[in-house]
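Inspection log for the structure reproduced underneath, given as structure tokens.
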Amino acid sequence: MAGSSTLRIKGGKVYDPANGVNGEVRDVCVRDGKVVADVEGGRTIDAQGCVVFPGGVDVHTHVAGAALNFARAMIPEDHRRNLPFVRTQSSRGGIGGATPTTYVTGYLYAGLGYTTVNEAAVPILSARHTHEELRDTPIVDKACCVLMANNEILLDLIEKGELERARHVTAWNIWAAKAYGVKAVNPGGVAAWKWGKDAKGLFEPVPGFSSVTPAQIIQALAGIVDELGLPHPLHLHCNNLGAPGNFTTTLETMKVLEGSRAHLAHLQYHAYGGGDWGTMRSESVKVAEEFNSRKNLTTDAGAVLFGNTVTITADGPWQHLLYKLTGRKWGNIDVENETGCGVVPYVYKEKNLVNAVQWATGLELLLLINDPWRVYLTTDHPNGAAFWRYPEIIELLMSADARKEQLKALAPKALKRVVLPELDREYTLSEIAVITSAGPARALGLPHKGHLGVGADADVAVFNESKDVRRMFAYPRYVLKGGEVVIEEGEVRRSVEGKGLLVRPAYDEKVEGFIRPLFQQYYTMSFDNYPVEMERIEHPEVRPCQQPS
Ligand SMILES: [Zn+2]
């Protein structure tokens with residue numbers, strides 16, 4: 001929530017790429033939670049020798065809901081890994097590791113200078129639980145995307161070509177879930193997984209349906225999201241995630257999306273060549289080349305770091321395969337009529353060829369996509385690594401030497417399957433501000449986030465400038481959220497409440513008369529218990545939809 005403090009951040013090097021400010025020494029002034037042109041009185045923060053960024057915005061993360069709790073339960077051995085949070089006057093307790101609990105998630109994000117997060121996958125059936133956890137995730141503002149690409153009611157409508165009704169059903173579901181955007185995960189594949197199958201061919205009918213194809217689902221949903229005027233385009237997890245040779249599906253998907261906006265999630269997991277696990281290689285060059293030419297698209301990296309984590313995705317069939325490959329624990333959740341979910345704990349190892357290719361591919365995409373405004377820093381938390389390891393990726397992007405050092409640890413065979421050793425691009429601080437804040441804020445359609453111009457939310461991160469960028473970005477000196485100093489000298493000084501960001505797209509109210517009987521017939525819960533009540537959203541901010549004229 002907006003604070004009431006008056007404050008001046010004095011003499012820092014400001015990186016505000018949305019406003020063309022590139023390392024100029026200037027003051028940032030704050031009043032009533034917003035950036036203002038000037039202030040008199042109030043607190044002054046001495047930021048000499050510091051770098052000032054707009055607060056970070058995570059466009060794709062998994063931090064709340066049933067799947068997270070399932071994962072937390074599956075990896076008790078991991079909970080104390082980074083920092084068991086001890087309750088203090090200003091913070092509450094919790095567990096850490098790859099899937100921190102709600103309070104710790106908020107503290108850890110703020111502790112990196114992040115102030116807004118997008119929970120990328122919410123089934124409507126468990127949206128209430130997700131919102132309860134988001135409400136208990138302090139400091140950061142929160143949006144979420146509702147899973148729609150395997151919703152049986154919607155797929156039936158797309159199959160019949162009833163796209164107008166499909167639009168009303170989608171809009172109704174967005175509001176029922178109190179969501180901000182629409183997520184598509186393995187379109188058709190998770191529905192097919194209910195029968196132990198997958199949807200691998202973009203232009204082949206989804207198993208269990210007579211004619212609808214993944215391509216039709218993608219086109220219909222991307223078109224619907226645009227027609228509804230949602231601030232954030234369709235958020236798409238492409239078919240064939242993780243599979244060797246899947247880059248062809250990704251290139252085809254980009255073509256299918258022509259004429260619509262879309263955000264391609266965790267592109268790293270969709271940029272592999274080769275015919276099987278033994279020959280898997282990076283195809284980041286081809287994927288980046290195609291992506292560079294398609295200005296209707298944005299993406300996030302889904303980068304991988306070596307070490308322990310846990311993978312969580314609605315992509316049930318993929319998770320089953322991962323379990324078969326690794327022999328690790330496997331969890332599966334079926335969400336009736338809507339989606340599914342799989343959980344597999346995982347360790348990315350430097351000497352493992354597949355893992356080495358994955359690690360390199362994420363960095364390659366970040367280095368080969370030439371417009372930082374269209375590619376954002378993520379690890380698909382916790383899938384590629386926990387979000388609190390972002391500073392390690394920033395270091396690898398800013399230093400070709402740091403990359404070379406890490407490349408030495410890989411098996412020589414792996415080096416033949418990647419192009420990372422040939423890439424000498426190094427990110428500038430301004431570009432880091434774009435991929436961690438300004439770009440994702442723009443992609444999410446949040447004009448008051450990701451910049452430090454007058455009127456912006458006063459979400460600000462102040463870092464000690466240092467050659468050791470990993471340390472610099474891991475321990476901001478100050479973080480402001482809504483104008484309040486929440487982190488100071490690496491500690492939580494004040495825990496404020498964040499806002500819940502959502503949209504209310506227009507729909508014909510009569511669509512309830514269509515959905516209700518389907519509920520009575522197919523769902524185990526009754527229709528009236530389904531929509532999430534507005535009271536559950538903490539400090540709701542309903543963002544405008546802009547329908548095309
Ligand atoms: Zn994800």
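Order of listing sets the numbers, starting from 1, for every ligand and every atom in it.
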Checklist entry - Cut-off 3.5 Å, side chains only: do Glu364 and Gln268 have a donor facing an acceptor? => result no

Checklist entry - Within less than 2.8 Å of the Zn ion (ligand 1), any N, O or S from His237? => result no

Checklist entry - Any donor-acceptor pair under 3.5 Å linking the side chain of Lys142 with the backbone of Leu134? => result yes

Next on the checklist: Among the N/O/S atoms of Asp380, which is closest to the Zn ion (ligand 1)? Give the atom name.
Outcome noted: OD1

Item to check | Parallel, tilted or perpendicular: ring planes of Tyr323 versus His320, cut at 30 and 60 degrees | outcome: tilted

Next on the checklist: Please give the atom name: the N, O or S atom of His62 nearest to the Zn ion (ligand 1).
Outcome noted: NE2

Next on the checklist: Can you classify the ring geometry of Tyr114 versus Tyr109 as parallel (below 30°), tilted (30 to 60°) or perpendicular (above 60°)?
Outcome noted: tilted

